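It should be emphasised that the depicted structure is a prediction, and the values quoted were computed from it without experimental measurement. Numbered from 1 within each chain, the chains take letters A, B, ... in sequence-line order.
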There are 2 protein chains.
Amino acid sequence: MKRPTIADIARRAGVSKGAVSYALNGQPGVSEATRQRIVAIAQEIGFNPNSAARALSGASARAVGLTLCRPARILGIEPWFMGLISGFEAELSARSYALTLQVVATPELEVEVYRRWWGERRIDGVIVTDLRENDIRIPVLQQLQLPAVVIGGPGETGTIAQIWSDDAGAITEAVRYLVALGHRRIARVSGLPGLLHTQTRTRAFNDICSSLGLEANTVPSDYTGEEGSRATRRLLIDSDRPTAIIYDNDVMAVAGLAVAQEMGLAVPGDLSIVAWDDSPLCSLVHPPLTALTRDIAEYGAHAARELLASIDGKQVSNVEAGTAHLTPRGSTAPPR
Amino acid sequence: MKRPTIADIARRAGVSKGAVSYALNGQPGVSEATRQRIVAIAQEIGFNPNSAARALSGASARAVGLTLCRPARILGIEPWFMGLISGFEAELSARSYALTLQVVATPELEVEVYRRWWGERRIDGVIVTDLRENDIRIPVLQQLQLPAVVIGGPGETGTIAQIWSDDAGAITEAVRYLVALGHRRIARVSGLPGLLHTQTRTRAFNDICSSLGLEANTVPSDYTGEEGSRATRRLLIDSDRPTAIIYDNDVMAVAGLAVAQEMGLAVPGDLSIVAWDDSPLCSLVHPPLTALTRDIAEYGAHAARELLASIDGKQVSNVEAGTAHLTPRGSTAPPR
DNA sequence: AGAATTTACTGAACCGGGTAAGTTGTGGTG
DNA sequence: CACCACAACTTACCCGGTTCAGTAAATTCT
């Protein structure tokens with residue numbers, strides 16, 4: 001079945017291709033009567049402009065790219081990405097931009113994908129997640145002059161806009177809360193140490209702990225349940241084990257809860273647990289987990305808005321959005 | 001920065017645009033020496049063919065579409081979709097096809113997205129999930145002659161290829177296993193009743209139960225943790241409550257486990273739990289959940305292969321792939 | 001050696017929209 | 001009535017690849 005083109009509409013309306021283009025794009029150059037006639041015909045025959053033809057003349061592909069650079073194994077259960085994606089979508093589909101997705105194994109491959117996408121003019125911009133120290137993606141994005149928004153800073157990104165949340169404030173709130181409950185030995189199981197927001201959190205955790213006269217014990221991990229379990233076991237076999245653990249994501253917190261239960265420790269009696277990034281997962285388990293909640297979808301929507309503005313040529317500045325706040329649930333209590 | 005085109009290459013190589021096109025696409029019509037010279041220049045200046053221009057002449061967009069039609073809330077935690085996506089990706093990126101994603105609220109909107117994508121020639125085919133009874137998407141896909149592969153049958157899809165897994169065999173295996181352990185009161189918390197694979201499972205569950213002389217008690221749910229909790233509570237407050245529950249996905253099973261613990265029931269002592277769709281989630285909780293495991297990524301990869309074959313004009317037949325098998329873990333044991 | 005075929009290209013049309021420049025026709029103005 | 005301004009179009013070319021018809025030179029065949 002041949003898909004209709006503006007030439008088909010032009011023939012049926014008895015006008016030229018150009019007139020149809022003007023009419024459908026709301027440009028001046030056609031009378032209101034003709035415009036309505038053309039729009040009606042387009043409606044009737046189910047016309048959709050060929051995006052390739054449009055991109056070829058107009059330069060905009062009306063699509064943005066997102067790469068997911070984590071092992072497939074963990075991608076599957078981290079609610080974070082899906083939350084982010086639905087946030088993007090809400091904003092993108094409202095402006096009828098498509099979202100192109102690619103799963104990559106390493107930052108090097110990710111850079112290759114950016115080069116290809118941009119070279120092929122497949123996308124108008126990209127959303128970059130998991131900013132690292134001396135991130136190799138940043139200079140490439142600048143060199144390509146590819147519109148981008150970076151999530152997970154703050155860090156050095158030159159002219160590229162960033163969005164981040166106040167992780168330092170959130171972890172400070174969590175530690176203060178645990179101390180108020182009477183905890184003195186608070187440990188933390190962190191995400192990938194190479195990521196900038198992990199470093200921000202670690203620094204803030206160290207600061208608040210030392211200012212309260214506590215020892216800051218952070219065990220690095222990688223966001224997976226397996227590593228979260230392992231880190232938790234290492235912490236709990238210690239003679240003066242912590243009475244509370246803060247995890248950098250929900251998946252590791254759930255894994256930690258299981259380890260505590262397996263070792264016969266009562267949660268929250270013997271061990272309090274705080275999870276970063278609230279998700280339905282946190283309320284599903286027993287006891288439900290106290291979490292540092294933030295609206296990830298809104299965070300994603302915000303990033304998408306900034307990116308679209310940047311694509312439109314507007315100057316975009318760095319913004320802080322989606323500060324997390326503590327949602328107390330059953331997994332935290334005064335230590336016995 | 002101006003991105004290079006074949007005209008730039010042609011000028012530098014001192015040949016015509018046509019020759020460059022032949023050379024880069026491995027077509028006959030240029031000498032090996034010229035081809036290598038052209039390829040070298042393309043490499044050097046970092047040439048990528050403009051996908052829009054290509055799609056405009058060649059008709060192929062080198063992209064496939066996937067819509068996710070579930071509320072964002074559950075999308076976030078269902079490992080299933082992410083597993084499927086990484087499976088697609090493995091196959092698609094190997095053949096340098098892009099994956100275009102859209103989150104939709106209803107099947108009606110999903111159909112609209114298909115129409116638009118196809119009309120805009122943005123995609124060459126789609127992967128359709130969650131086949132329903134009298135699915136409204138099927139006639140539209142046929143009318144548009146949009147290449148598609150359907151996951152989640154079997155059902156009536158006419159000429160459109162389907163991929164499904166042997167859900168009936170899997171649930172039969174699970175029931176037989178529980179009966180062998182000594183269970184006589186086995187309940188099931190199902191997914192959305194409108195989905196065909198849910199119906200397949202329900203039918204098989206009824207069959208095996210009646211053939212073993214058991215009562216088949218299925219409580220319909222919707223794959224969310226909330227509904228899974230509610231269904232579990234309803235089952236467990238009963239005077240002759242089940243000694244084992246089979247859940248249609250991992251999220252509901254985890255929720256069910258939490259409800260049992262909250263009600264003071266020991267798992268697996270008082271209640272055995274079997275989860276459909278194994279994911280890291282199942283091994284994270286305590287006790288780890290016995291699951292009906294299948295390789296979802298491979299399932300997705302298979303679907304992608306079929307779709308690409310169908311786009312290439314090959315006749316694709318219905319296939320059964322990725323049969324689930326029982327992975328016993330700590331959540332199942334003989335009833336007390 | 002001359003004809004027939006093959007090789008290695010060139011030139012131009014084409015895909016389907018966008019858009020600048022040119023062409024009507026209408027009405028107003030001095 | 002001639003002149004100008006403006007709306008309402010049409011014409012023609014552009015974007016960047018693909019592809020087909022044509023052409024000249026090199027190679028093969030008889």
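Side-chain atoms of B:S21 lie closest to D:dT18 of the nucleotides D:dT18, C:dG17, D:dC9. Residue B:A19 places its side chain closer to C:dC9 than to any other of C:dC9, C:dG16, D:dT10. Across D:dT10, C:dT19, D:dG16, the shortest atom-to-atom separation from the side chain of B:L56 is found for D:dG16. Nearest to the side-chain atoms of B:N25 among the listed nucleotides D:dT18, C:dG16, D:dT10 stands D:dT18. Closest to the side chain of B:T5, from the set C:dG17, D:dG17, D:dT10, is D:dG17. Of the candidate nucleotides C:dG18, D:dC9, D:dT18, D:dT18 has the atom lying nearest to any side-chain atom of B:I6.
Put simply, CG on B:L24 is 12 Å from C1' on D:dT18, counting in whole angstrom units. We find that CZ of B:R37 is positioned 13 Å from P of C:dA8, with the value rounded to whole Å. In this structure, A:I9 places its CD1 atom 11 Å from C1' of C:dG16, rounding to the nearest Å. What separates CD1 of A:I45 from P of C:dG16 is a distance of 13 Å, to the nearest Å. If you take CZ of B:R35 and P of C:dA8, they are 9 Å apart, rounded to a whole angstrom. The distance between atom CD of B:E120 and atom P of C:dG17, rounded to the nearest whole Å, is 11 Å. At whole-Å resolution of the value, CD in B:E32 and P in C:dA8 are 9 Å apart. Residue A:Q27 contributes atom CD, which lies 6 Å from atom P of C:dT19 at whole-angstrom precision.
Within the 4.0 angstrom heavy-atom criterion, no nucleotide atom of any strand lies near A:V20. Using a 4.0 Å heavy-atom cutoff across all strands shown, B:S31 reaches sugar-phosphate atoms only and no base atom.
Counting non-hydrogen atoms of neighbouring residues, nucleotides and ligands closer than 6.0 angstrom, the CG atom of B:N25 exceeds 12 such neighbours.
Interatomic distance, A:Q162 CD to A:S317 OG, rounded to the nearest 0.5 Å: 11.0 Å.
A close approach under 4.0 Å does not occur between any side-chain nitrogen or oxygen of B:N50 and OP1 or OP2 of D:dC15. Contact annotation: A:S57 does not reach the phosphate of D:dC15 (side-chain N/O to OP1 or OP2, under 4.0 Å). In this structure, B:R54 does not reach the D:dG16 phosphate: none of its side-chain N or O atoms is under 4.0 Å from OP1 or OP2.
Taking the ring axis of B:Y114 as reference, the NZ or CZ atom of B:R137 does not stay both within 45° of it and closer than 6.0 Å to the ring centre.
Judged by distance alone, with hydrogens and angles left aside, A:Y22 brings a side-chain donor or acceptor within reach of the base of C:dA20, the pair sitting under 3.5 Å. On a pure distance criterion of 3.5 Å, a polar donor-acceptor pair joins the side chain of B:K17 and the base of D:dG17.
Within the 4.5 Å cutoff, side-chain heavy atoms of A:I38 are placed close to those of A:V15. In this structure the side chain of B:P147 reaches within 4.5 angstrom of the side chain of B:W118, judged on heavy atoms.
Side-chain N/O atoms of A:T67 and A:Q102 include no donor and acceptor closer than 3.5 Å.
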